[in-house]
Amino acid sequence: MNPAGPGVDQTVWTRVDGRDFPVSNLQKLFWPEEGYSKAHLLQYYLAAGSTMVQYLARRPLTVVRYPDGIHGGSFFQKNCPENAPDWIATLKIPRAEPGESPIRYCLANERAAILWLANQGAIEFHPWPSRQGTLAFPDWAIFDLDPAEPATFQDAVQAAFWVRQALDILGLRGYPKTSGATGIHVYVPVYPELTYSQITRFVHAVARQIQAAFPDRITLERPVARRKGKVYIDYLQNAPGKTIAAPYTVRPLPGAPVSTPVTWQELARGLLPTQFNILTVPQRLQQGVDPFRPVLNEPQSLLPFRKLWQQE
DNA sequence: GCTTTAA
DNA sequence: TTAAAGCAACGCTCA
DNA sequence: TGAGCG
Ligand SMILES: [Mn+2]
Ligand SMILES: [Mn+2]
C-alpha cells in the first residue's frame, strides 16, 4: 500500500544541468505548519543552487538530513552515501587517529549535487572552511556570533558591527550573513596560508579585544549558563573538523529560514532573520544580489598580524 | 531516504 | 516478510 | 580524568 495514499505519485525523474536522477515524495510536507513540501525545498535549491554552489565547491561537505521533514528524525552525514551517483565528486580524507577508516566526503561541485542531496532529505549544508588542494589551510575565518537568552538577534547585529570595527582597525574586511536562526556569521576571506589553529588563534585574539571593550555585552565563556544576555563569540568554530551552516543553506526551523548574506547597510537599517526564507531569497538572488561575492574573489592576507595568530 | 541487519 | 538500526565526532575548557 | 560544548 502506498503510504502517502492512493493516487499520489512517489517518484519522478528530473534533469538538472544535464544530470538525470529521481526525485521522490515531492508532496511530502517538510514544514507542515507553513504548508511547505519537499517540492518547495527542491525548488529553493534549484533557484539558489547556482549561487550557493560557489561557496560549496571543492569543500568537504557534511549534510544534516531530515527525510521526514523538520519534525521527523534527523542525522548528520559525512560519508557520501554509497548509492550516490558517480557524477557527484568525493574526497577521501584520513582521520586524525591512524587506523580509523577514512571519510569519503561528498563535494558539491555542481548544482545538481545539491539537488540530489536535497532529495535525500538534506536540508542543511555544512562545508569545511578549506578546499581540496589546500585542506589544511582555511580560506575564510568566521566570527560566529551567538546571542544567549535573553539577548536577541539585534544584540548579534550590534556585536557584528563591533567585529567590523575591530577588523577595520586592522585594515580587513568582513562580510555578514544571518545564520538563519538568531545569530550572525561574519566571514573574513583569506588566502589559504594559515593553519586551522592559527586562524582560530587570530579570531580568538580579535574576539578578546572586543570582549575587553564591551564586557557586559560580549562573552567568550564556554559554559552556556554563564553567557546569559550576552553575545557569545564562538571563535572555536574555526577549529578543524568544525563546520558552519553554508551561505544560502536552509534551516530546519519554523518559516524555513535561509542563512543569507546581507550588506552592512541592510544590517544597519534593521532586518529580521525570518524575512529571508525559501520563498523570498530566490527573488533576492534573481535581482543579482549576492553580498558575499567578495568572499570568493577578494581574499586577504593575515600574515602581517603575526602577533595575533602565532603560538605564544 | 535508503541500505543493511535482525527478528 | 517486516522492523529496526545506521547514517558524526573532536578538540578545547572547566570541574 | 571526565563532562559540556557546538
Ligand atoms: Mn552560530
Ligand atoms: Mn556557535
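Letters A, B, ... are given to chains in the order of the sequence lines, protein chains preceding strands, and every chain is numbered from 1. Computed from a predicted structure; not experimentally measured. Basis for what follows: all heavy atoms, side chains included, without hydrogens, waters or symmetry-related copies.
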Over how many whole Å does the gap from [X] atom [atom1] to [N] atom [atom2] extend?
{"X": "A/Leu220", "N": "C/dC12", "atom1": "CG", "atom2": "P", "value": "16 Å"}
{"X": "A/Arg95", "N": "C/dA9", "atom1": "CZ", "atom2": "C1'", "value": "8 Å"}
{"X": "A/Phe75", "N": "C/dA4", "atom1": "CZ", "atom2": "P", "value": "18 Å"}
{"X": "A/Ile142", "N": "D/dG6", "atom1": "CD1", "atom2": "P", "value": "16 Å"}
{"X": "A/Gln120", "N": "B/dT3", "atom1": "CD", "atom2": "C1'", "value": "11 Å"}
{"X": "A/His126", "N": "C/dA9", "atom1": "NE2", "atom2": "P", "value": "15 Å"}
{"X": "A/Glu221", "N": "C/dC14", "atom1": "CD", "atom2": "P", "value": "8 Å"}
{"X": "A/Lys78", "N": "C/dG6", "atom1": "NZ", "atom2": "C1'", "value": "16 Å"}

Any side-chain N or O of [X] below 4.0 angstrom from OP1/OP2 of [N]?
{"X": "A/Asn119", "N": "B/dG1", "value": "no"}
{"X": "A/Asn25", "N": "B/dG1", "value": "yes"}
{"X": "A/Arg222", "N": "D/dG6", "value": "no"}
{"X": "A/Arg104", "N": "C/dA8", "value": "no"}

* A/Arg59 charged N/C atom sitting above A/Trp140 aromatic ring, 6.0 Å / 45° -> yes
* To do: Test the A/Arg227-A/Tyr232 pair against the cation-pi criterion, namely NZ or CZ under 6.0 angstrom from the six-membered ring centroid and within 45° of the ring axis.
  => yes
* To do: Using the P atom as the reference point in each nucleotide, state the distance between C/dA8 and B/dT3 in Å, no decimals.
  => 16 Å
* **Rounded P spacing from C/dC7 to D/dC5 in Å** => 24 Å
Could you check which of [options] has an atom nearest any side-chain atom of [X]?
{"X": "A/Asn79", "options": "D/dG6, B/dC2, C/dA8", "answer": "C/dA8"}
{"X": "A/Ile103", "options": "C/dA9, D/dG6, B/dG1", "answer": "C/dA9"}
{"X": "A/Arg226", "options": "C/dC7, C/dA15, C/dA9", "answer": "C/dA15"}
{"X": "A/Phe76", "options": "B/dC2, D/dG6, C/dA8", "answer": "C/dA8"}

* **Members of residues 232-259 of chain A that approach DNA chain D, where some heavy atom sits under 4.0 Å away** => A/Asp234, A/Gln237, A/Lys242
* **Inter-residue atom distance A/His185.NE2 - A/Leu145.CG, 0.5 Å rounding** => 8.0 Å
* When A/Trp128 is tested against each of A/Tyr55, A/Tyr105, A/Phe137 for ring-ring contact (aromatic ring centres under 6.0 Å, His included), which residue passes? -> A/Tyr105
* Asked: Residues in side-chain hydrogen bond (donor to acceptor under 3.5 Å, both in side chains) with A/Glu33, at least two apart?
  -> A/His71
* To do: Report which part of the nucleic acid A/Phe21 touches: base, sugar-phosphate, or nothing (heavy-atom distance under 4.0 Å, all strands).
  => nothing
* Structure fact -> Per the under-4.0 Å heavy-atom filter, residues of residues 55-73 of chain A near DNA chain B come out as A/Arg65, A/Pro67
* **Residues that A/Arg217 engages under side-chain contact (heavy atoms from CB on, under 4.5 Å), provided they are two or more places apart** => A/Asp155, A/Gln158, A/Trp162, A/Phe214
* Please name all residues satisfying side-chain contact (heavy atoms from CB on, under 4.5 Å) with A/Leu46, sequence neighbours left out, ordered by chain then number. => A/Val16, A/Arg111, A/Leu115
* Scan for disulfide (SG to SG under 2.5 Å) pairs involving residues 53-83 of chain A, sequence neighbours excluded, and state none if there are none. => A/Cys80-A/Cys106
* May I ask you to say whether A/Glu149 pairs ionically with A/Lys228, meaning some side-chain N is under 4.0 Å from a carboxylate O? => no
* Asked: In terms of side-chain geometry, is the basic nitrogen of A/Glu298 or A/Arg293 positioned less than 4.0 Å from the acidic oxygen of its partner?
  -> no
